[in-house]
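Read through the structure below, which is laid out as structure tokens, and then see the notes.
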Number of protein chains: 2
Amino acid sequence: MRNRLIVYVLSAGMMSSAVVAQSDTIAAYVQAHQKDMVATLIDFVSIPNVAGDAANLQRNAAFATEMLRARGFAVDVVETSGAPVVTGSLKVPGVQRTLMLYAHYDGQPVDPAKWKQEGPFNPVLRTGRLDASNLRDVPNPRSIDQFDPEWRLYGRAAADDKAPIVALVTALDALKTAKMTPTWNLKVLLDGEEESGSPGLMAQTATLRDRLAADLTLMLDAPAHPSGRPTLVFGVRGNVTFEITVYGARDELHSGHYGNWAPNPAFRLAQLLASMKDASGRVLIRGFYDGISPLTADERELLRAVPDDEPALLKLFGLAAPEPAAESLQEAYQRPSLTIRGLSSGHVGAAAAGVIPNFAVANLDMRLVTETRGGDMLRKVRSHIEAQGFHVVDSDPDDGTREKYRDIAKLVSTRATEAYRVSVTTPQARVIMTALTRAFNQPPVVLRTSGATGPMSEMSVATGAPVISVQTVNFDDNQHTDNENIRLGHFFAAVRTMAALVTAP
Amino acid sequence: MRNRLIVYVLSAGMMSSAVVAQSDTIAAYVQAHQKDMVATLIDFVSIPNVAGDAANLQRNAAFATEMLRARGFAVDVVETSGAPVVTGSLKVPGVQRTLMLYAHYDGQPVDPAKWKQEGPFNPVLRTGRLDASNLRDVPNPRSIDQFDPEWRLYGRAAADDKAPIVALVTALDALKTAKMTPTWNLKVLLDGEEESGSPGLMAQTATLRDRLAADLTLMLDAPAHPSGRPTLVFGVRGNVTFEITVYGARDELHSGHYGNWAPNPAFRLAQLLASMKDASGRVLIRGFYDGISPLTADERELLRAVPDDEPALLKLFGLAAPEPAAESLQEAYQRPSLTIRGLSSGHVGAAAAGVIPNFAVANLDMRLVTETRGGDMLRKVRSHIEAQGFHVVDSDPDDGTREKYRDIAKLVSTRATEAYRVSVTTPQARVIMTALTRAFNQPPVVLRTSGATGPMSEMSVATGAPVISVQTVNFDDNQHTDNENIRLGHFFAAVRTMAALVTAP
């Protein structure tokens with residue numbers, strides 16, 4: 001039996017001649033305006049945009065404001081404790097529904113010495129990846145009419161997240177030229193502190209409620225699937241981290257004089273951790289997977305349709321196999337994870353000495369799914385530690401606590417970021433999948449849940465709408481490190497994606 | 001039923017009037033010669049004696065040689081690759097058996113800045129422990145006739161191991177004054193590299209066989225039991241250390257993108273370690289305790305007779321209880337131990353990040369008993385790791401190994417120091433226990449096995465004789481750190497110990 005969902009996506013992709021015409025029109029516009037697009041992106045990327053550089057962040061906001069006003073948006077620049085939030089609104093006559101498009105103009109911190117160019121804000125066009133043979137710089141990019149899609153523009157925020165913004169306004173220009181109008185009232189929200197957790201925006205979501213309210217929110221951020229196809233992400237895992245410290249004697253003790261007698265906190269920690277997860281990768285904490293229903297046949301088919309190349313990943317990472325409990329990468333994202341991020345106790349290697357350590361630390365994270373909330377999961381962890389015989393404390397034990405309890409564990413946790421997921425079968429999701437399938441004549445890559453964590457849940461609350469992440473840039477864009485770059489083929493294709501989104505049926 | 005061994009020791013302690021007379025005579029001699037003893041020790045401690053200081057190590061050897069020659073010893077100074085070994089021999093007419101007395105004149109490295117005096121080799125007399133209230137320096141110690149036994153002389157090697165050497169020659173003087181002769185031919189072996197593992201001596205034990213041969217070897221080193229009574233140690237635990245590295249991906253991986261899918265080496269290491277030892281402290285490695293017979297009633301009584309104050313230790317260390325499997329400190333020493341000395345993987349605390357570590361390391365040691373040899377025990381560890389599903393390697397895995405094995409562990413070990421034990425019921429042991437019991441009118445503290453590791457096994461091979469460690473200095477002597485000191489009460493009492501040893505029945 002062919003899966004119904006896939007059948008749905010494929011049938012949605014059977015295009016009418018009108019749709020083919022739109023797609024061709026947009027593609028032709030992009031073909032004719034490559035020079036302007038690249039020049040605009042170079043101008044935008046040339047404005048430094050790291051946290052703390054208030055003057056330049058204002059310049060970025062002004063640049064973005066001008067781009068939106070030029071397309072007819074009513075724009076408000078909302079000052080915050082950090083960088084301004086740019087909000088734009090474009091009413092379309094006769095249209096009731098509203099689409100919110102979120103992106104950000106700030107960039108990750110930079111270490112200029114690591115960039116293979118004058119600086120992160122001096123964009124350079126090159127013929128490919130930095131590790132490509134025959135790589136060369138392409139001079140005078142502003143004078144070029146036609147670009148090889150393999151070429152890449154290098155600069156901070158080129159991909160994360162300025163290219164999607166330029167692609168969006170280019171799409172609006174292309175539609176206008178073709179005398180086509182968006183099928184939604186459009187709102188744009190350009191964050192200036194995304195790389196810092198968006199504190200300014202999050203502090204004002206209540207005040208801005210009217211400006212943020214929408215029927216659907218699309219986050220135009222993050223890389224597309226390595227296959228290169230436009231990628232829709234319908235959920236993210238949440239995250240909560242915690243650190244366990246198990247105590248031994250007040251000081252390190254001689255392992256000869258006290259080995260076999262003084263409790264060894266490193267062994268007790270190892271035993272505690274081993275009680276949490278078995279060798280197959282299955283978590284043993286009571287209730288860890290509670291509330292997660294087995295995947296339906298449709299959901300399984302959705303996961304199987306993602307064109308992951310797991311053998312290539314294993315080879316890249318130097319691994320013989322994934323964890324035995326992991327059916328597949330996509331399947332793994334549908335469950336909460338428990339990861340030891342670090343261990344520390346005593347001394348190893350050349351620093352090792354004949355001592356019993358006085359404490360042992362493990363730092364862990366749990367990636368959450370919508371069925372597993374951070375607070376509940378932390379309570380289960382705490383109960384589990386107690387069930388292993390530990391007295392759980394919140395700070396280093398005092399003498400009285402030490403005298404009373406043989407096994408003491410300190411548990412310290414961060415605030416949880418909750419998971420988010422919108423069903424691929426909601427009407428808004430269907431609309432977006434249909435639009436992209438028509439525009440590219442094949443379905444987008446659909447991720448039920450991204451393994452990583454992002455503020456989709458917060459954005460859903462802020463806009464009162466379901467949130468889908470639309471990911472268009474190349475996966476190998478170095479977005480959070482040096483030599484960030486956007487592949488021009490992805491940049492140009494993103495215009496077709498944006499046009500399809502704002503004209504979705 | 002009173003234990004036979006204790007009964008034996010007590011009956012040996014019933015002194016004849018001749019023995020009482022000897023003990024009184026020696027005590028009176030010490031009382032009269034405190035000034036000379038302290039002056040000699042000050043002179044000896046004033047000569048720097050750290051490894052690498054060849055000229056001063058020669059001066060120490062010359063000082064020791066002169067002390068022995070003055071008591072009639074034939075002395076040979078054996079040059080080695082490091083510091084000289086001083087060997088002395090004193091024949092006693094009509095005596096067949098030979099007693100070897102081992103001590104060392106070198107000291108631990110020093111950090112002068114941490115000493116509360118001009119320098120580690122500028123001895124200072126003080127009224128007590130450094131942390132005592134009302135502590136004061138005692139000026140002009142060379143002019144004092146009678147010393148408070150609580151006073152301490154501070155200086156490197158004052159306790160470890162120069163005081164026992166001065167006590168020994170003083171005992172010979174006292175016996176001569178009393179017209180008493182040793183009941184053994186005496187040999188003295190003064191090592192100059194003990195704190196560095198005695199490489200010079202160990203390289204020449206075959207060549208020196210005749211000079212080293214004895215019927216009994218006594219090591220005059222290390223602190224007495226905290227109770228302050230002379231302490232006889234009949235064995236030491238051996239030691240072998242090893243380090244396990246468990247591998248994950250070649251690099252750290254994002255814990256969101258790959259958590260639940262990429263194997264986590266920190267969890268696999270925790271599971272492996274937990275499989276080695278249970279929460280009670282019992283080691284689970286197959287055959288770990290093989291060959292160790294249950295203790296006999298006599299042996300148990302011997303252990304129980306050690307006046308350990310475990311509640312005080314627990315309080316000092318901030319522990320509620322020892323490991324559940326440990327009946328007592330002394331009982332713990334009769335079994336091999338398995339200690340995690342250190343753990344390291346990824347990052348903890350402020351450095352923690354959302355990654356799956358790429359490797360995890362545990363450093364361990366096993367303290368050995370005579371029934372458990374280092375090589376065998378390492379083979380058992382290796383088999384255990386393999387039985388947990390790991391492919392065990394000796395160096396970091398190459399790409400081919402990574403592709404082939406899901407779980408890879410590197411095992412690297414040091415050369416073992418083997419354990420040593422001589423039975424307390426051997427004739428030589430009985431003789432020594434009897435001698436000390438008579439001299440002090442109470443049995444010495446008898447340790448079947450010291451928890452720590454020392455070269456008793458090597459010394460037994462070198463001298464072809466059973467070895468007993470005779471420990472006379474204060475336990476709180478800071479011997480391997482700064483502000484080393486000898487409590488004068490212990491120093492003076494050591495003369496009576498030495499006299500009793502060389503005149504043992």
Side-chain angles (χ1 to χ4, degrees), chain A residues 237 239 241 243 249-250 253-264 266-267 270-271 273-274 277 279 281 317-323 326 329 332 335 337 339-348 352-357 360-361 363 365 367 389 399 402-406 451-453, chain B residues 237 239 241 243 249-250 253-264 266-267 270-271 273-274 277 279 281 317-323 326 329 332 335 337 339-348 352-357 360-361 363 365 367 389 399 402-406 451-453:
Chain A
R237 290 203 283 195
N239 192 18
T241 74
E243 192 160 278
R250 223 177 256 115
L253 296 180
H254 192 289
S255 67
H257 291 313
Y258 302 105
N260 271 16
W261 184 82
N264 185 313
F267 258 121
Q271 291 152 359
L273 294 170
K277 195 169 179 177
F317 296 156
L319 293 170
E323 282 193 341
L329 195 54
R335 291 178 285 115
S337 68
T339 295
I340 300 177
R341 311 196 301 171
L343 293 176
S344 180
S345 183
H347 318 276
V348 304
V355 296
I356 303 169
V361 181
N363 189 294
D365 72 27
R367 299 286 173 163
D399 290 353
R402 285 180 162 281
E403 265 178 43
K404 194 163 170 191
Y405 301 100
R406 181 197 306 265
T453 302
Chain B
R237 290 204 283 194
N239 192 17
T241 74
E243 192 161 277
R250 220 177 258 114
L253 296 180
H254 192 289
S255 68
H257 291 313
Y258 302 107
N260 271 13
W261 185 82
N264 186 314
F267 258 121
Q271 290 152 0
L273 294 170
K277 195 170 180 176
F317 296 156
L319 293 170
E323 282 193 340
L329 194 54
R335 292 179 285 116
S337 69
T339 295
I340 299 176
R341 310 196 303 171
L343 294 176
S344 181
S345 184
H347 317 276
V348 304
V355 296
I356 303 170
V361 181
N363 189 293
D365 72 27
R367 300 286 172 163
D399 290 353
R402 284 181 162 279
E403 264 178 42
K404 195 163 169 191
Y405 300 99
R406 182 197 305 266
T453 302

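Labels below follow one simple rule: chain letters A, B, ... track the order of the sequence lines, proteins then strands, and each chain is numbered from 1. What's counted below: heavy atoms across the whole structure, side chains too, no hydrogens, waters or symmetry copies.
- Proximity to chain A (any heavy atom under 4.5 Å) is restricted, for E243(B), to the side chain, taken from C-beta onward.
- Using a distance-only test at 3.5 Å, with no hydrogens or angles considered, a donor-acceptor pair links the side chain of R237(B) to the main chain of G256(A).
- For R335(A), the parts lying under 4.5 angstrom from a heavy atom of chain B are both the backbone and the side chain.
- P263(B) approaches L319(A) most closely through the heavy-atom pair CD-CD1, 3.9 Å.
- Put simply, the side chain of S344(A) does not reach to within 4.5 Å of the side chain of L343(B), judged on heavy atoms.
- The contact between R406(B) and chain A is made by backbone and side chain atoms together, counting heavy-atom distances below 4.5 Å.
- For the residue pair D365(B) and S255(A), a side-chain donor N or O sits within less than 3.5 Å of a side-chain acceptor on the partner.
- Contact tally against chain B (heavy-atom pairs below 4.5 Å) for L329(A), D399(A), T241(A): the top residue is L329(A).
- Remark: side-chain polar atoms of N264(A) are not paired, donor with acceptor, to backbone N or O of T339(B) under 3.5 angstrom.
- Interface summary for chain B: among G318(A), G346(A), G259(A), G451(A), the most heavy-atom pairs under 4.5 angstrom belong to G318(A).
- Heavy atoms closer than 4.5 Å to chain A are found in the side chain of H254(B), but not in its backbone.
- Of the possible polar contacts, none joining the R341(A) side chain to the P357(B) backbone as a donor-acceptor pair under 3.5 Å is found.
- Contacts with chain B were tallied for S345(A), A249(A), G354(A), A452(A); S345(A) has the most, counting heavy-atom pairs under 4.5 Å.
- What you find for A270(B) and A274(A) is that their closest heavy atoms are O-CB, 3.9 Å.
- Contacts with chain A were tallied for E403(B), K404(B), H257(B); H257(B) has the most, counting heavy-atom pairs under 4.5 Å.
- Heavy atoms closer than 4.5 Å to chain A are found in both the backbone and the side chain of F267(B).
- Counting heavy-atom pairs under 4.5 Å between each of A320(A), A360(A), A321(A), A266(A) and chain B puts A320(A) at the top.
- Panel note: side chain Q271(A), backbone K277(B); a donor-acceptor pair is recorded below 3.5 Å.
- Most heavy-atom pairs under 4.5 Å with chain B, from the set N363(A), L253(A), T453(A), I340(A): that is I340(A).
- Across A326(A) and N260(B), no two heavy atoms sit closer than the pair CB-O, 3.2 Å.
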